[in-house]
There are 2 protein chains.
Amino acid sequence: MNKVSILLAEDDTNLGQLLKSYLSAKEYDTILAIDGAEAMKIFKKEKFSLCLLDVMMPEMDGFTLAREIRTIDPHIPIIFLTAKNLKEDVIEGFKTGADDYLTKPFSMEELIYRIEAILRRSTKRATDVPAAEYTIGKFNFDVTRQLLTYQDQVRKLTTKETELLELLCRHQNEVLERNLALKSIWIDDNYFNARSMDVYITKLRKYLSKDENVEILNIHGKGYKLLC
Amino acid sequence: MNKVSILLAEDDTNLGQLLKSYLSAKEYDTILAIDGAEAMKIFKKEKFSLCLLDVMMPEMDGFTLAREIRTIDPHIPIIFLTAKNLKEDVIEGFKTGADDYLTKPFSMEELIYRIEAILRRSTKRATDVPAAEYTIGKFNFDVTRQLLTYQDQVRKLTTKETELLELLCRHQNEVLERNLALKSIWIDDNYFNARSMDVYITKLRKYLSKDENVEILNIHGKGYKLLC
DNA sequence: CCGTCCGTTTAACGAATTTTAACAGAATAA
DNA sequence: TTATTCTGTTAAAATTCGTTAAACGGACGG
């Protein structure tokens with residue numbers, strides 16, 4: 001079980017400190033750089049599991065920084081922090097790019113989710129991420145292998161199915177808010193993604209219907225609650 | 001209703017003392033710790049209803065402290081106090097996060113409001129989880145599954161119906177004030193929400209009419225009383 | 001380069017839930 | 001008593017959600 005180390009580049013020192021404290025409290029070794037140039041210097045000296053880069057920074061912006069970082073370590077996961085009101089084409093740039101991103105304002109919960117998701121995806125030895133298995137009534141849900149097992153029947157879940165079910169499990173017996181789920185999984189909480197999420201809820205309900213004590217309850221206008 | 005005790009961790013002794021005096025005057029037993037390490041020591045010795053933690057502190061910051069506290073008591077409500085000059089989006093981010101948040105400077109009134117809100121939520125949960133079921137005359141009311149059962153007839157309730165009936169049950173045989181119900185279920189107690197609530201009272205009355213000993217009584221100008 | 005497969009999104013429609021409106025009836029204060 | 005505020009009930013409107021199927025688009029094998 002390797003410790004996860006994060007390079008955080010954020011020029012707003014308040015936000016930077018806050019994030020660093022929060023991440024450290026979550027057992028992520030976090031080093032804060034106050035601009036792109038400093039981040040680069042630090043990155044050359046130490047080894048990191050992932051980078052969290054603000055896009056707008058003095059000295060060197062997040063994109064340029066990311067490019068330079070990639071010349072050293074081409075596969076390190078990078079999450080960008082961006083303002084919500086960026087122009088469409090910039091956002092488009094992120095979407096088509098391989099990197100993950102998070103739009104401000106975001107909640108700590110969303111950030112943690114994205115970090116864990118990206119770690120899950122990038123590390124093959126998946127034991128880094130906590131709670132990789134859940135028990136849902138008579139089901140067993142293996143998050144990292146994306147398997148939902150009922151007695152001897154194993155069902156392979158898709159990525160989105162897994163992500164949504166995992167979020168539901170994490171909030172077992174309490175309300176998972178639609179917006180949190182949308183922002184965590186679909187990044188943007190617009191109309192279409194919400195429809196898409198509905199479709200996945202239907203799928204999950206169908207899968208889980210074998211155990212009648214398990215239920216995904218809709219809390220109108222708020223979200224969903226996984227009962228078991 | 002037993003006494004509420006608060007652990008306050010604040011390194012600014014002026015503010016700390018001020019808060020402590022104020023909270024004590026409001027009948028909250030308050031103990032002040034001047035840094036995270038001390039707070040942790042105190043927390044291990046005594047029992048608290050909620051914690052009020054400054055995020056930026058020497059020795060141990062608020063997040064780390066919160067994490068340690070949660071290893072001892074995973075459900076204790078925690079309100080963070082954070083610096084005033086954070087950007088809007090950061091603050092917004094925390095608002096949507098799992099933990100409650102208050103940015104300096106804040107008014108005492110605001111603080112008290114938050115404390116009461118979070119206590120309401122947590123005592124709700126505390127009294128909810130063990131007894132998530134009520135008996136209303138000959139009915140059985142399963143809050144978490146939103147089911148109202150009469151003999152062998154099961155009726156699925158909607159979210160709003162459930163929320164309102166639960167509030168009534170919690171105040172069984174005493175007055176549930178309109179404003180309280182409106183604020184906790186509809187958030188805002190304006191004219192339209194009040195009308196909406198009337199509609200739900202009608203619905204609940206219809207559902208409960210099967211047992212003639214059960215009645216939702218209107219207390220004119222005050223609220224409702226669930227008799228059973 | 002082409003077709004196929006698979007996961008995801010979009011579309012379309014229907015159902016469930018909540019809010020708003022409209023009007024009638026009770027309770028209360030002046 | 002009369003005016004005013006508050007409550008009860010029903011129906012229509014608006015919003016949110018559920019489900020199915022088709023469209024889309026990337027990955028893969030030929």
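Each chain gets a letter, A, B and so on, in the order the sequences are listed, and its residues count up from 1.
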Can you tell me if A/Lys210 has over 12 outside heavy atoms packed within less than 6.0 Å of its NZ? yes

Should B/Glu163 and A/Lys222 count as an ion pair when the cut-off is N to O under 4.0 Å? yes

Against A/Ile216, only a single residue in A/Leu164, A/Leu227, A/Leu204 fulfils side-chain contact (heavy atoms from CB on, under 4.5 Å); can you say which? A/Leu204

Taken to the nearest whole Å, CD1/B/Ile201 to C1'/D/dC6 is 14 Å

Does a side-chain N or O from A/Thr202 land closer than 4.0 Å to OP1 or OP2 of D/dT19, or not? yes

Spacing between B/Leu164 atom CG and D/dT7 atom P, to the nearest angstrom: 14 Å

Under 4.0 Å between a Lys/Arg side-chain N and an Asp/Glu carboxylate O for B/Arg170 and B/Glu166? yes

Can you check the A/Asp198 CG to C/dA11 C1' distance for me, whole Å? 13 Å

Between C1' on C/dT8 and CG on A/Leu182, what's the gap in Å once rounded to a whole number? 15 Å

B/Lys222 has an atom NZ; how far is it from atom C1' of D/dT7, in whole Å? 15 Å

Scanning both residues in full, the closest heavy-atom pair of A/Ile136 with A/Cys228 reads CG2-SG, 4.2 Å

What is the distance, rounded to the nearest whole Å, between atom CD of B/Gln146 and atom C1' of D/dC17? 14 Å

By side-chain contact (heavy atoms from CB on, under 4.5 Å) - contacts of A/Ser5 (at least two apart): A/Asp29, A/Phe48, A/Ser49

Using whole Å, what does the distance between atom P of nucleotide D/dC17 and atom NZ of A/Lys225 come to? 15 Å

Test log, rule ring pair (Phe, Tyr, Trp, His ring centres under 6.0 Å), inputs B/Tyr22 and B/Tyr28: CA-CA 9 Å; B/Tyr22 192 84; B/Tyr28 296 119; 9.4 Å; no

Sugar-phosphate atoms are those with a prime plus P, OP1 and OP2; base atoms are the rest. Using that split, label each nucleotide of nucleotides 18-30 of chain C B, S or - for protein heavy atoms under 4.0 Å, 5' to 3'. BBBS-----SS--

For residues 186-228 of chain B, pull every pair meeting ring-ring contact (aromatic ring centres under 6.0 Å, His included), keeping only residues two or more places apart or in separate chains. none

Gap between atoms CG and P, on A/Asn179 and D/dC17 respectively (whole Å): 10 Å

Within a radius of less than 6.0 Å around CD of B/Gln153, do more than 12 heavy atoms belonging to other residues, nucleotides or ligands occur? yes

In short, the helix from C/dC1-D/dG30 to C/dA30-D/dT1 is bent end to end, axes from five pairs each side, to 10°, by 30°

Tell me every residue that passes salt bridge (charged side-chain N to carboxylate O under 4.0 Å, His left out) with A/Arg145, counting only those two or more places apart in sequence or in another chain. A/Asp142

Is A/Lys206 atom NZ crowded by more than 12 heavy atoms from other residues, nucleotides or ligands, each under 6.0 Å away? no

Mind running a 4.0 Å heavy-atom check of residues 205-219 of chain A against DNA chain C and sending the residues that fall below it, in number order? none

